[in-house]
Asker: 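Sharing a structure with you now.
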Amino acid sequence: MNIEWYVVLSSLLFAVGAMGILLRRSPIVILLCLELMLNAGNLALVAFSKMVGNQQGQVFAIVVMVVAACEVVVGLGLIVAIFRRKLPLDVDLLRELKG
Amino acid sequence: MFFLAALGALGGAVGVVALRNPFYGVLALIVHLFSLAVLFLLLTAAFVAAAQVVVYAGAVMVLYVFVVAYVGGSEEPTFDPIPGQRFLAPLMGAALFIELSIAVLGSSLLAFETHGHDVGPGFGNPAGIGKLLLESFLLPFEASSILLLLAAVGAIVLAGRRDTPGIGMGAEVGSSKHSSEAPAERFEDPSTSPSPAGGAPS
């Protein structure tokens, strides 16, 4: 399969993830959509790594995976903290920081 | 095989966005991740595919399932707080996809039309990735390990249980100091007072 198919699929997945972030209001689902976008980036990295014939893109993909894991851990910690304080789990209602 | 995996990945992604219950969203994301692992295998990235299955679909998704079960899968309200959000968001997504496709396919890289570089059988195996990680990319490797450590500490600080709400971190530090100073007293404490949270001597 040509490389362009993978890259187009990756951009499609990225667009779906961005649409989900714009559309949904639950912070858990927004984190899931962030995962979608990061994975789309991973797919593009691995596809370009195959295109160039160099393994360094795969190393980048693994580093992206590490960063995604960190983001998930901190985000879920935040969600648990929000839930413990009996605040609503809705990003449109959590607007105390809004100027 | 590519179209099967691409269909699975796309279906999982759409499911994450469209399903109203967060628990089903997590399950759809697991389908998406497994399909992406198949795509990585097709791109001869065996180690990345294995890490995807083990780390993502294994560990991270278990974390998600636990948090969704703890928080409770709350249904979202159906009204729009921002008028027109339900129509503008897919429009923005479609515009982003078109823009990305123009940017990628319009770059006229000749290698796009090929199957990629002809690589040997050892391409993407753990030995090659590990050699690159420990030789050329040693500094990013160490930086990512420090990042993981910081994230773990930050998650504990954020989500850790505080016995006395309102006082916060000071109470934890104080109680741990007390317990380290007087371990015998702390040891006797549960027998004298039935409260399970009695770490600090009253």
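Chain identifiers are assigned alphabetically (A, B, ...) following the order of the sequence lines, protein sequences preceding nucleic acid strands; residue numbering begins at 1 within each chain.
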Asker: Please state whether the side chain, the backbone, both or neither of A:A61 comes within less than 4.5 Å of a heavy atom of chain B.
Answerer: side chain
Asker: Please report the closest heavy-atom contact between A:V16 and B:V17, naming both atoms and the distance.
Answerer: O-CG2, 3.6 Å
Asker: For the interface with chain A, which of B:V14, B:L91, B:L29 has the highest count of heavy-atom pairs at distances below 4.5 Å?
Answerer: B:L29
Asker: Pick from B:L42, B:L96, B:V60, B:L132: which one has the most heavy-atom pairs with chain A under 4.5 Å?
Answerer: B:L132
Asker: At a 4.5 Å cut-off on heavy atoms, which part of A:I82 comes close to chain B: side chain, backbone, both, or neither?
Answerer: neither
Asker: So which residue, B:I98, B:L19, B:L88, ends up with the most heavy-atom pairs under 4.5 Å with chain A?
Answerer: B:L19
Asker: Counting heavy-atom pairs under 4.5 Å with chain A, which one of B:A155, B:A28, B:P90 comes out on top?
Answerer: B:P90
Asker: In terms of heavy-atom pairs under 4.5 Å with chain A, which of B:L39, B:L150, B:L133 leads?
Answerer: B:L39
Asker: Measure A:I62 against the heavy atoms of chain B and call it side chain, backbone, both or neither at under 4.5 Å.
Answerer: side chain
Asker: How close do B:T44 and A:Q58 get, heavy atom to heavy atom, and via which atoms?
Answerer: O-NE2, 3.6 Å
Asker: Taking the side chain as C-beta and beyond, is there a heavy-atom pair between A:V63 and B:F141 under 4.5 Å?
Answerer: no
Asker: Which pair of heavy atoms, one from A:F83 and one from B:V71, lies closest together, and at what distance?
Answerer: CE1-O, 3.4 Å
Asker: Is chain B contacted by the side chain of A:L32, its backbone, both, or neither, given a heavy-atom distance below 4.5 Å?
Answerer: both
Asker: Between B:G154, B:S136, B:A103, B:A45, which has the largest tally of heavy atom pairs under 4.5 Å with chain A?
Answerer: B:A45
Asker: So what's closer than 4.5 Å to chain B heavy atoms on A:A68: side chain, backbone, both or neither?
Answerer: both
Asker: Might you point out which heavy atoms bring B:A9 and A:L13 nearest each other, and give the distance in Å?
Answerer: O-CD2, 3.8 Å
Asker: How close do B:R20 and A:R24 get, heavy atom to heavy atom, and via which atoms?
Answerer: O-NH2, 3.6 Å
